[in-house]
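Heads up, the thing below is written out as structure tokens.
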Amino acid sequence: MVITKSRLVLGATAVTLSTIAVTSLGIHSRGQALFKASPKELIDEVWQIVYRQYVDGTFNQVDWQAVRKEYLSKSYTNQEEAYKSIREMLKKLEDPYTRFMNPEEFKNMQVDTSGELTGIGITISQDEKTKQLVVIAPIEDTPAFKMGVLAKDVILEIDGKSTQGMDTNQAVSLIRGEAGTKVRLKILRNGQKKQFDITRARIEIHPVKYSEKQTPAGNLGYIRLNQFSANAAKEMKDAISKLETKNVSGYILDLRGNPGGLLFSSVDIARMWLDKGTIVSTIDRQGEQEREVARGRALTTKPLVVLVDKGSASASEILSGALQDNKRATIVGTQTFGKGLVQSVRPLEDGSGLAVTIAKYHTPSGKDINKHGIDPDVKVDLTDAQRQDLWLKERDKLATLEDPQFAKAVEILGKQAAKNSTTTNKN
């Protein structure tokens with residue numbers, strides 16, 4: 001999240017299902033203010049933010065002026081009635097990423113990435129067409145991950161309660177809880193229903209893991225990025241710098257299952273791999289573009305392969321799209337999740353909050369990621385059974401030659417090394 005005065009700008013899809021210990025963001029302080037907006041003032045505040053900032057000037061073909069008249073003409077006796085009306089009002093936009101959060105929900109989504117998370121460790125979204133709650137990805141080494149929850153799983157029930165008509169905020173409220181307690185999820189996967197009893201836990205997330213890999217293609221640097229948190233760029237810089245001292249001949253950057261995170265983090269990391277070129281363009285409803293570009297400060301120019309899958313979303317798609325379009329890396333794996341929208345998160349006068357879609361982003365070549373994602377240069381599919389074996393049952397095979405996507409990356413880097421050697425010998 002980028003704090004810009006009164007708002008947070010999110011490049012992420014995700015609502016992380018966890019309770020967050022906020023230590024330093026401070027953005028929730030407005031909820032402690034002496035002033036408390038009346039129900040109608042709160043409704044109008046939300047309406048005005050959407051009116052000024054929403055990415056689509058037609059409000060997805062909704063008469064937004066008529067909506068204001070409808071909801072301000074009603075009588076309200078308390079804030080809860082206002083909250084209900086706000087949710088109804090926003091639902092008319094049919095945009096799952098534009099959502100209202102009551103004070104408790106808003107406090108729980110304010111992520112200070114140095115804080116400790118308590119939950120099951122999945123990120124979710126609401127499918128724009130079916131309105132079903134869908135898992136974007138489980139966070140690595142969390143309870144949901146270890147139980148076998150996968151990207152694209154559809155959540156049908158939470159503790160026996162149907163999720164039909166439920167938004168992400170309501171789902172978060174049901175799934176989060178104290179460490180050591182359990183939550184039961186019924187999910188739909190490839191037409192089959194499965195049930196998971198997951199014990200909540202305290203979760204400490206380190207976004208970057210790295211190691212040297214001795215392979216047929218030589219000594220390679222392997223970097224796994226789990227999410228684009230505030231400290232991801234620093235950890236990525238440290239990883240590249242240390243691997244450079246080991247004289248690795250190339251890199252494999254693993255973004256599989258990475259649900260995204262902070263927009264600025266993805267841009268900072270892209271600049272570590274790119275010397276020049278556009279990274280991403282964000283486009284608001286006036287069509288005005290803001291471009292993020294490389295600054296000639298790449299930490300390495302060695303060959304790079306990026307691994308992606310259907311759990312790679314948002315900021316992962318910004319990074320992989322930038323590296324692909326600038327021909328800096330070969331993308332290997334499967335089609336990514338497909339989320340190309342940017343949200344601004346605003347605190348409201350009574351301590352509640354609003355996330356509103358303010359822009360869409362395109363890759364350097366102008367591709368709209370939303371709903372489609374990034375197509376890999378080299379497609380390597382894994383079955384659900386293969387993924388479960390690789391990521392859960394036989395983790396020692398991950399990022400080895402027994403990992404089909406990693407093996408393909410090694411093969412590609414080996415061919416590039418051979419080609420470079422031939423070119424050098426000719427010279």
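What you see is a predicted model; the values in this text were computed from it and never measured.
With hydrogens and angles left out, the side-chain atoms of Tyr54 and Asp284 include no donor and acceptor closer than 3.5 Å. With hydrogens and angles left out, the side-chain atoms of Ser85 and Glu88 include no donor and acceptor closer than 3.5 Å. A donor-acceptor contact closer than 3.5 angstrom links the side chains of Asn190 and Asp384. Counted by atom type alone, Asp44 and Tyr71 present zero donor-acceptor pairs between their side chains at under 3.5 Å. A side-chain N or O of Thr278 and one of Arg291 form a donor-acceptor pair less than 3.5 Å apart. Side chain to side chain, Thr168 and Gln126 fail the donor-acceptor criterion of an N or O pair below 3.5 Å. Thr58 and Gln61 share a side-chain donor-acceptor pair at under 3.5 Å.
Under the ring-ring contact (aromatic ring centres under 6.0 Å, His included) criterion, Phe59 pairs with Trp64, not counting sequence neighbours. Partners of Asn78 according to the side chain to side chain contact (heavy atoms under 4.5 Å, CB included) rule, which considers only residues two or more places apart in sequence or in another chain, are Glu80, Glu81.
Within the 3.5 Å criterion, the main-chain N or O of Thr383 finds a donor-acceptor partner in the side chain of Gln386.
Note: Asn258 CG to Leu225 CG = 5.0 Å, rounded to the nearest 0.5 Å.
Between Lys193 and Glu157 no salt bridge is recorded (no basic side-chain N to carboxylate O distance below 4.0 Å). The existence of a salt bridge linking Lys182 and Asp197 is excluded, since no basic side-chain nitrogen approaches an acidic carboxylate oxygen closer than 4.0 Å.
Within the structure, the salt bridge (Lys or Arg N to Asp or Glu O under 4.0 Å) test picks out the following pairs touching residues 322-332 (sequence neighbours left out): Asp325-Lys367.
What you find for Arg256 and Ser312 is that their closest heavy atoms are CA-OG, 3.7 Å.
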**Asked** What's the verdict on ring pair (Phe, Tyr, Trp, His ring centres under 6.0 Å) for Tyr210 and Tyr222, showing C-alpha distance, side-chain angles and the deciding distance?
**Response** CA-CA 5 Å; Tyr210 68 95; Tyr222 172 76; over 10 Å; no
